[in-house]
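These notes are about the structure you will find just below.
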There are 4 protein chains.
Amino acid sequence: MEFQKDQPIYLQIADLICENILSGEWQEETRLPSVRELAISLEVNPNTVMRTFTYLQDQKIIYNQRGIGYFVAAGARELTRVLKREDFINAWLPQVFKMMNLLQIDLNEFQKLYHNYTKTG
Amino acid sequence: MEFQKDQPIYLQIADLICENILSGEWQEETRLPSVRELAISLEVNPNTVMRTFTYLQDQKIIYNQRGIGYFVAAGARELTRVLKREDFINAWLPQVFKMMNLLQIDLNEFQKLYHNYTKTG
Amino acid sequence: MEFQKDQPIYLQIADLICENILSGEWQEETRLPSVRELAISLEVNPNTVMRTFTYLQDQKIIYNQRGIGYFVAAGARELTRVLKREDFINAWLPQVFKMMNLLQIDLNEFQKLYHNYTKTG
Amino acid sequence: MEFQKDQPIYLQIADLICENILSGEWQEETRLPSVRELAISLEVNPNTVMRTFTYLQDQKIIYNQRGIGYFVAAGARELTRVLKREDFINAWLPQVFKMMNLLQIDLNEFQKLYHNYTKTG
DNA sequence: GTGGTCTAGACCACC
DNA sequence: GTGGTCTAGACCACA
């Protein structure tokens with residue numbers, strides 16, 4: 001798998017996992033792939049995956065069962081949605097709105113771009 | 001002045017300058033504050049401001065007159081608008097749209113948030 | 001049963017057993033629950049319980065009778081008391097005293113906390 | 001420097017730092033030694049020190065100024081005292097009291113051991 | 001100079 | 001088998 005270079009890999013992996021949880025592909029209380037498995041399938045060093053897991057564990061999105069593996073926490077789906085939403089609304093949107101004002105992009109144009117995206121992307 | 005930690009300070013300063021140019025506050029062919037002045041007022045290392053200037057000069061948004069200072073280039077306003085617009089549409093919007101889908105925020109909700117922002121912020 | 005994560009599960013189980021012996025609930029020369037029984041009631045892998053038994057056997061606190069099960073050894077009560085006492089005085093107390101100094105908790109406060117504990121806990 | 005083997009080195013380093021803050025040796029808003037310096041003086045890998053710093057930063061005990069270094073946070077002294085105190089009272093003391101009951105060590109004996117410690121240790 | 005990330009490889013305790 | 005920690009060494013962006 002290829003990663004962008006403008007963000008740490010371990011965070012990109014965290015995003016991947018969160019998306020899997022959000023989309024319901026990975027159910028709560030389900031075991032995640034092991035550190036080594038993920039490392040191999042993502043073509044990444046195990047340490048990097050370990051870092052992702054530690055990071056997500058701190059956020060209570062996953063938890064560890066010793067000697068067995070990592071599991072999606074109960075309530076993880078809701079939690080990630082809240083966290084992502086907060087981040088989006090508080091950190092992203094203000095900047096987006098500011099840019100829209102500066103660049104004189106109004107809601108109409110935004111809608112067009114959005115429809116354009118949903119068709120092609 | 002306080003800076004966010006998810007982006008290099010020198011780029012954040014560049015953004016500040018571009019916004020001043022875009023808003024018309026700093027007219028073309030006008031002299032910018034000196035490196036030292038900016039560094040002091042922004043509470044930043046002069047090297048960092050210097051880096052911003054070099055960066056903007058590379059993009060032809062400002063130019064240097066030896067021994068005198070940096071000036072807003074002719075056509076800078078239009079240029080920054082184009083550059084920012086490209087960046088916004090190609091780099092930002094796709095991620096915004098993706099998040100909207102993931103978080104199930106539709107255009108209606110987006111509009112509400114937008115109006116809310118234009119009133120308060 | 002839930003276990004703390006800062007100590008191996010098999011040692012926490014060993015502690016449980018020792019407490020039962022110390023308190024007199026499990027008399028000497030009495031048969032312990034089988035590995036399977038304990039594993040089920042503690043919601044733990046049988047291997048883990050097995051490890052606990054091996055560990056306690058090494059310390060002569062329990063002994064094995066082939067095909068029958070594990071038994072509390074003769075003198076186990078006195079033995080565990082001595083072992084625990086050594087451990088407590090040499091390994092625990094120094095750290096406790098150090099913390100008390102660092103956090104400026106004196107003997108008076110310690111007494112209050114102790115009385116508070118004996119009433120509620 | 002030598003470390004105990006029953007606890008991760010990076011946590012032992014964190015404890016060292018906290019003690020320096022608690023004792024007032026390292027004042028708030030003061031710069032910590034750099035990662036590399038600490039690594040050398042503690043005879044440890046820089047990554048290990050880095051881990052300690054990340055850990056303490058998550059707890060808001062230290063903060064980072066980019067390109068400059070890590071600093072003791074404002075309010076760090078109070079914060080560490082509160083955190084350590086909570087940990088001590090909620091996680092340590094109950095176990096200590098429990099042990100005292102099991103081993104029949106009363107407050108009198110505890111006092112003797114305490115005085116003995118303050119004299120010799 | 002500073003921190004931050006990543007890889008590679010090793011060793012350990014635990015289940 | 002699992003995770004967790006540590007070392008060594010490299011490279012990069014930033015101030």
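Chain naming here is simple, since letters A, B, ... match the order of the sequence lines and numbering starts at 1 in each.
Ranking E:dG3, E:dT2, E:dA8 by closeness to the D:N64 side chain, first place goes to E:dG3. Nearest to the side chain of D:P8, among F:dC6, E:dC15, E:dC6, sits F:dC6. With F:dT7, E:dG9, E:dG3 as the choices, the nucleotide that has an atom nearest any side-chain atom of D:S34 turns out to be E:dG3. Of the candidates F:dA8, F:dT2, F:dG3, the closest approach to any side-chain atom of D:N45 belongs to F:dA8. Checking E:dT5, F:dA15, E:dC15 against every side-chain atom of A:R51, the shortest atom distance belongs to E:dT5. For B:T48, counting side-chain heavy atoms from C-beta on, the closest listed nucleotide (E:dC15, E:dT2, F:dA15) is F:dA15. Of the candidate nucleotides F:dC14, E:dC15, E:dG3, F:dC14 has the atom lying nearest to any side-chain atom of B:Y10.
Summarising the geometry, the separation between CG on D:L11 and P on F:dT5 is reported as 7 Å, rounded to the nearest angstrom. In this structure, CG of C:L38 is placed 16 Å from C1' of E:dC15, rounded to the nearest angstrom. In this entry the distance linking CD of D:Q57 with P of E:dT5 reads 10 Å, nearest Å. In this structure, D:L32 atom CG and E:dT2 atom C1' are separated by 13 Å, rounded to whole Å. In this structure, the CG atom of D:D6 is 16 Å from the P atom of E:dC12, given to the nearest Å. Per the geometry, NZ belonging to C:K5 stands 17 Å off C1' belonging to E:dA13, to the nearest Å. Rounded to an integer number of Å, the gap from A:Y55 OH to E:dC6 P is 13 Å. B:Q12 has its CD atom 14 Å from the C1' atom of F:dA15, to the nearest Å.
Paired with D:Y70 under the rule ring pair (Phe, Tyr, Trp, His ring centres under 6.0 Å), one option of D:W26, D:F53, D:Y63 passes, and it is D:F53.
Across the strands present, F:dT7 finds its partner in E:dA8; the criterion is a Watson-Crick or G-U wobble pair with both atom distances under 3.5 angstrom.
Side chain of A:Q95 to main chain of A:A91: a donor-acceptor pair is present (N/O by atom type, distance under 3.5 Å, no hydrogens or angles). Distance alone, capped at 3.5 Å, is enough to place a donor-acceptor pair between the A:T80 side chain and the A:A76 backbone.
In terms of polar N and O atoms assigned as donor or acceptor, the side chain of A:R36 comes within less than 3.5 Å of the base of F:dG3 in a complementary pairing. A donor and an acceptor atom sit less than 3.5 Å apart, one in the side chain of D:N47 and one in the base of F:dG9.
When the nearest nucleotides of DNA chain F are assigned to D:R66 and D:P46 by heavy-atom distance, the more 5′-ward of the two goes with D:P46. Residue whose closest nucleotide on DNA chain E sits further toward the 5' end, between A:Q7 and D:Q65: D:Q65.
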Report task. Output, in order, the C-alpha distance, side-chain angles, deciding distance and verdict of side-chain contact (heavy atoms from CB on, under 4.5 Å) for B:K98 and B:L102. Result -> CA-CA 6 Å; B:K98 189 178 162 193; B:L102 215 56; 5.6 Å; no
Query raised in the report: Stepwise, does the side-chain contact (heavy atoms from CB on, under 4.5 Å) test hold for A:I61 with A:L83?
Result: CA-CA 10 Å; A:I61 292 175; A:L83 288 177; 4.2 Å; yes
Requested in this report: May I have the step-by-step check of side-chain contact (heavy atoms from CB on, under 4.5 Å) for B:F3 and B:I13, ending in yes or no?
Outcome: CA-CA 9 Å; B:F3 293 95; B:I13 297 176; 3.9 Å; yes
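Backbone-only contact: D:V44 has heavy atoms under 4.0 Å from sugar-phosphate atoms and none from a base.
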